[in-house]
Amino acid sequence: GLNAEQLRAVETTAGPLLVLAGAGSGKTRVLTSRIAYLIGVCGIPDSGLLAVTFTNKAAGEMKERVEKLLGPQASGLAIGTFHSICVRILRREIGHLGRSRGFVIYDDADSLGVIKQALKREGLDPKAHDPKRIRWRIDQWKNAGILPAQAIESAYDIDDELSARFYGIYQRMLLDANALDFGDLILQTAELFRQFPRVLEFYQRRWQYVLVDEFQDTSYTQLKLLELLTAGWEQSDGRTLFLVGDPMQSIYRFRNADMSLFLNTKLRGIGEIRCESLTLERNFRSRPKIIKWINKTFSQVFPEQDDPKSGEAKFNPCKWTRKHSNDEGVEVHALRGSDPTAEVQRVADILIKERANSPTRSIAILVQSRSHLNGLTEQLRPLDLPIRAIEITAPNQHQVVQDLIGLTRALTHRAERIAWLGVLRAPWCGLSWQDLHSLCADDRQSPIWALMNDDERVGRLSREGRERLISVRGVLQLAFQTRS
């Protein structure tokens, strides 16, 4: 069952609640139990709840847990990431903004390709003007809720002015391709709600119980979206906002997550809503030895009080619930500084020692991200140990996967030029850059598929290029016919 703290978090429905849930405190269980409590005990329709978390995996796990608790009662529950929830809204409502519901969603590689194309159109060398930096700056503006015209006004130097100018060009190119990037999903949803109050009112009436997981990783635009959805709520009108997070576990700063938003919400609330705070301080996961070490060490390096201005949070010690044992199973090897080479060497030394003590035992090395593996495999290779690396490269980083995604996108959206150019460059067609230029360089408006069916243009290609394109064209035509 739930302990007293968890039970209070589940059953407090009189008003908005901000739960500070430390590591291993059972926050996911609390969140799913609260959903089950609202639907199963309070009789709230499942369609009236919105549950938001920060990864698709976490959303899937949450949905699975709720379905185990409630079964068919949870079929209408909206659970997803901020981005996936916004996609659902935009697929239904984006027509209000004069856009097509059949928009495509560009990933980072697609966005970078658009910016490189924009630079070339403007006669600028991508080697002299870093496309990645321009994309990063555009992403910053979008996560701050800043549109192109505002970006130009706020630019602080020549480089920033250039990025702001290309922000506008980039957005127009996305519009021409009927595409949105990840930053647009939340920004455009917020714009939709601001420009069309009746659309906002529909979702305000629909979702009267909003739950947000990992609230410490919220960005400015995500917080503004919550403000819009809860605008007009009153403390005692029955609608509730439930926020769960842990300032100690904020990991999405690189995606513009801002810890000061969490701390300001704790202090002042969201919009007109003031949240009661509740702390879950019992750790059910870790052994006492590691909790003692963390409590002692972290209390010395974190500030004594929250500082909303800087986004620095105080350390909240946790209590262990597991019993002590003679073999705690945990040894902490702390390193001062941030020398990656020293860290890799320490791991290798520990590995050698453990292998000497138990030659037949297998050893697992877990890292926070793939970048932390840099140098580790090189350090271990001379030890002549059998090594098996798991999930070193993300599936979508493999070229073959990217090519298949591009092909799917091209077949689904015939007007999407970037995807079609990728199809013609992929190994199954393999057009040279010169042939690609001959096919479409002087026509930047027509769909690539139309140009592929223009015999005069196809005649401009090299002999090998013509043969390749005609062969692939036939296969793709068959795919279109089959789909129809």
Side-chain angles (χ1 to χ4, degrees), residues 55-57 59-60 63 80-92 94-95 99-118 131 135 139 170-171 173-186 188-189 391 393-433 435-436 439-440 443-454 458 465 467-484:
T55 67
N56 290 318
K57 182 180 178 181
K63 189 174 183 65
T81 63
F82 273 103
H83 291 92
S84 66
I85 295 296
C86 286
V87 169
R88 294 182 212 176
I89 295 171
L90 292 173
R91 289 289 183 208
R92 172 175 173 156
I94 200 169
R99 304 285 294 266
S100 167
R101 294 180 181 178
F103 61 85
V104 295
I105 301 171
Y106 279 1
D107 61 17
D108 289 345
D110 297 323
S111 299
L112 201 59
V114 174
I115 292 170
K116 288 178 180 177
Q117 189 179 350
R135 184 193 65 184
D139 193 50
Y170 171 76
Q171 289 302 106
M173 291 176 72
L174 291 188
L175 182 63
D176 290 342
N178 191 27
L180 301 175
D181 64 16
F182 287 115
D184 283 324
L185 297 176
I186 296 175
Q188 292 299 317
T189 303
E391 295 185 1
T393 304
N396 64 355
Q397 296 302 308
H398 293 285
Q399 188 61 52
V400 63
V401 176
Q402 293 178 357
D403 288 340
L404 288 171
I405 292 172
L407 176 60
T408 303
R409 185 176 287 161
L411 291 172
T412 308
H413 306 279
R414 295 197 198 189
E416 221 229 295
R417 289 175 64 93
I418 289 179
W420 275 100
L421 292 172
V423 167
L424 296 181
R425 281 289 294 162
W428 47 67
C429 184
L431 285 191
S432 66
W433 285 112
D435 280 337
L436 208 59
L439 180 69
C440 58
D443 186 341
R444 297 180 178 179
Q445 301 300 321
S446 301
I448 299 297
W449 177 247
L451 302 182
M452 290 171 63
N453 287 277
D454 184 333
V458 174
E467 291 174 353
R468 286 173 177 269
L469 186 141
I470 291 170
S471 174
V472 168
R473 187 176 66 187
V475 174
L476 294 176
Q477 184 62 57
L478 182 61
F480 284 132
Q481 291 172 357
T482 303
R483 184 182 174 201
S484 299

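The basis for the numbers below is simple: all heavy atoms, side chains too, and nothing from hydrogens, waters or symmetry mates. Sequential numbering from 1 along the given sequence is applied to the chain's residues.
- Rounding to the nearest 0.5 Å gives a distance of 7.0 Å between CG of Asp139 and CG of Asp181.
- Ile89 contributes atom CD1, which lies 11.5 Å from atom CD1 of Ile94 (distance to the nearest 0.5 angstrom).
- We find that Arg409 and Asp110 are joined by a salt bridge, their nearest charged nitrogen and carboxylate oxygen being less than 4.0 Å apart.
- With rounding to the nearest 0.5 angstrom, the CG atom of Leu90 is 11.5 Å from the CD1 atom of Ile85.
- Here the side chains of Pro131 and Lys116 are in contact, with some heavy-atom distance below 4.5 Å.
- Pairing each heavy atom of Val423 with each of Leu407, the nearest pair is CG2-CA, 3.8 Å.
- The structure places OH of Tyr170 at 3.0 Å from OG of Ser111, a figure rounded to the nearest 0.5 Å.
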Stepwise side chain to side chain contact (heavy atoms under 4.5 Å, CB included) test for Leu439 and Asp454: CA-CA 9 Å; Leu439 180 69; Asp454 184 333; over 6 Å; no
Stepwise side chain to side chain contact (heavy atoms under 4.5 Å, CB included) test for Met452 and Val458: CA-CA 7 Å; Met452 290 171 63; Val458 174; 5.7 Å; no
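- Partners of Leu421 by side chain to side chain contact (heavy atoms under 4.5 Å, CB included), not counting sequence neighbours, listed by chain and number: Leu436, Cys440, Ile448.
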Evaluation steps, side-chain hydrogen bond (donor to acceptor under 3.5 Å, both in side chains), between Asp184 and Gln171: CA-CA 9 Å; Asp184 283 324; Gln171 289 302 106; 3.2 Å; yes
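- The two residues Ala59 and Gly80 have their closest heavy-atom pair at CB-CA, 3.9 Å.
- The heavy-atom pair separating Pro447 from Ala415 by the smallest distance is CB-CA, 4.3 Å.
- Residues passing the side chain to side chain contact (heavy atoms under 4.5 Å, CB included) test with Asp443, sequence neighbours excluded: Gln445, Ser446, Leu451, Arg457.
- Between Met173 and the choices Ile418, Val114, Ile115, the side chain to side chain contact (heavy atoms under 4.5 Å, CB included) rule is met once, by Val114.
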Side chain to side chain contact (heavy atoms under 4.5 Å, CB included) between Leu185 and Phe82, worked out: CA-CA 9 Å; Leu185 297 176; Phe82 273 103; over 6 Å; no
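- Rounding to the nearest 0.5 Å places CG of Leu404 at 10.0 Å from CD of Gln399.
- Below 30°, between 30° and 60°, or above 60°: for Phe480 and Trp420 the angle between ring planes is between 30° and 60°, a tilted geometry.
- A cation-pi arrangement is absent between Arg473 and Trp449 under the rule of less than 6.0 angstrom and at most 45 degrees off the ring axis.
- Looking only at distances, a side-chain donor or acceptor of Arg425 sits under 3.5 Å from a matching main-chain atom of Leu431.
- Separating the NE2 atom in His413 from the OG1 atom in Thr408 is a distance of 10.0 Å, to the nearest 0.5 Å.
- The closest side-chain heavy-atom distance from Asp403 to Trp428 is below 4.5 Å.
- For Arg468, the salt bridge (charged side-chain N to carboxylate O under 4.0 Å, His left out) test picks out Glu464, with sequence neighbours left out.
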Verdict with reasoning, Arg99 to Leu180, per side chain to side chain contact (heavy atoms under 4.5 Å, CB included): CA-CA 10 Å; Arg99 304 285 294 266; Leu180 301 175; 3.4 Å; yes
